[in-house]
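For reference, the structure is listed below as structure tokens.
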Amino acid sequence: MAYWLMKSEPDEISIDDVLALPSIPWFGVRNYQARNFMRDGMRIGDGVLFYHSSCAEPGIAGLAEVASTAYPDHTQFEKDSKYFDPKATQETPRWMMVDVKAKRKTRLLSLAELRTYPELADMTVLQKGSRLSITPVKPDEWRFIQKLLKEKV
DNA sequence: GCCAACGTTGGC
DNA sequence: GCCAACGTTGGC
């Protein structure tokens, strides 16, 4: 069992949007490192911190889980999609995605708050210049965040 | 809107 | 394989 942090722009897809559906396909990832995490690392049932980015209050907004293993992202083949990739073919797809199922909304653990905890100082998402939309979360970090969500409401 | 940091592309 | 130029991310 592994843990992940996945960024989404709430203007596009928020935790509320995902909660309203059984699961959603995580389309649109166009970064090799993030793709490899989905393709090589993610397994059904892995824990996900749902992070809102590029918004007024960036931070962790909910808990989710991985609901499928990786499969080709269909938007890479769609000419009209902003995620279209002319170099991808059906035979050799370049981009993959997984399904994500929301579990619940949490209080907003803002980026500013996350930065105050020494226990989380090594979190990838908190590192300077970190832009990856999908990052692994260490078990210690996951546990600390679960504890935070129980203790401080 | 600014801009630092990082990733990708392509000429050589 | 190097690296400059360019594009993107995302906090502020």
Side-chain angles (χ1 to χ4, degrees), chain A residues 2-21 23-42 46-66 69-138 140-142 144-146 148-149 152:
Chain A
Y3 305 102
W4 310 92
L5 180 142
M6 300 177 82
K7 293 181 187 172
S8 180
E9 301 189 13
D11 290 348
E12 312 243 333
I13 297 173
S14 72
I15 182 70
D16 291 313
D17 298 331
V18 183
L19 271 172
L21 301 166
S23 70
I24 59 142
W26 205 262
F27 60 86
V29 170
R30 292 297 179 269
N31 170 283
Y32 290 105
Q33 226 182 321
R35 179 203 66 183
N36 294 349
F37 284 139
M38 289 195 287
R39 188 189 60 190
D40 307 331
M42 286 190 180
D46 281 359
V48 172
L49 302 172
F50 196 101
Y51 182 95
H52 283 174
S53 69
S54 290
C55 57
E57 283 190 296
I60 295 166
L63 297 174
E65 68 180 27
V66 175
T69 51
Y71 60 101
D73 177 345
H74 57 87
T75 61
Q76 69 193 300
F77 309 123
E78 296 167 4
K79 271 230 161 62
D80 294 337
S81 169
K82 69 170 172 175
Y83 300 115
F84 177 68
D85 184 342
K87 290 182 182 161
T89 64
Q90 297 278 351
E91 295 71 35
T92 54
R94 179 182 286 214
W95 304 111
M96 309 285 280
M97 62 185 180
V98 297
D99 291 340
V100 173
K101 179 166 68 176
K103 304 209 70 167
R104 67 181 179 92
K105 201 171 175 173
T106 63
R107 75 179 177 90
L108 184 80
L109 284 171
S110 73
L111 184 58
E113 179 182 347
L114 293 173
R115 289 194 194 284
T116 67
Y117 301 113
E119 292 89 341
L120 301 179
D122 289 337
M123 270 192 94
T124 309
V125 74
L126 301 183
Q127 303 313 301
K128 186 175 178 178
S130 164
R131 297 185 312 169
L132 258 189
S133 64
I134 298 176
T135 51
V137 173
K138 297 176 206 55
D140 283 353
E141 296 163 349
W142 176 270
F144 183 78
I145 288 168
Q146 302 303 313
L148 263 186
L149 290 171
K152 288 177 64 180

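Lettering of chains follows the sequences in order, A, B, ..., and the numbering in each one begins at 1. Computed over heavy atoms, backbone and side chain alike; hydrogens, waters and symmetry mates excluded.
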C/dG10, OP1 or OP2 - any side-chain N/O from A/K7 closer than 4.0 Å? yes
Take atom NE2 of A/H52 and atom P of C/dG11, then tell me their distance rounded to the nearest Å. 12 Å
Taking the side chain of A/Q33 as its heavy atoms from C-beta onward, which of B/dT9, B/dG7, C/dG10 lies nearest to it? B/dG7
Side-chain N or O of A/Y32 versus OP1/OP2 of B/dC6: is the shortest distance under 4.0 Å? no
Over 12 foreign heavy atoms within 6.0 Å of CD, A/E57: no
Electrostatic pair A/E12:A/K82 at N-O distance under 4.0 angstrom: yes
Please report, rounded to the nearest Å, how far the P atom of C/dG7 is from the CG atom of A/N31. 18 Å
What is the separation between atom CZ on A/R131 and atom C1' on B/dT8, rounded to the nearest whole Å? 10 Å
Quick one: does A/R30 reach the base of C/dT8 with a side-chain donor-acceptor pair under 3.5 Å? no
Rounded to whole Å, CG of A/L111 lies from C1' of C/dG10 at a distance of 10 Å
Output yes when A/D85 and A/R30 qualify as a salt bridge under the 4.0 Å nitrogen-oxygen rule, no when they do not. no
Rounded to whole angstroms, how far apart are CD on A/Q127 and C1' on B/dC6? 14 Å
Please give, in whole Å, the distance from C/dT8 C1' to A/I134 CD1? 16 Å
Atom CG of A/L132 and atom P of B/dG7 are separated, to the nearest Å, by 7 Å
Find the distance A/R94:CZ to B/dT9:C1' and express it as a whole number of Å. 11 Å
Sidechain-backbone polar pair: A/E119 side chain, A/D140 backbone, donor-acceptor under 3.5 Å: no
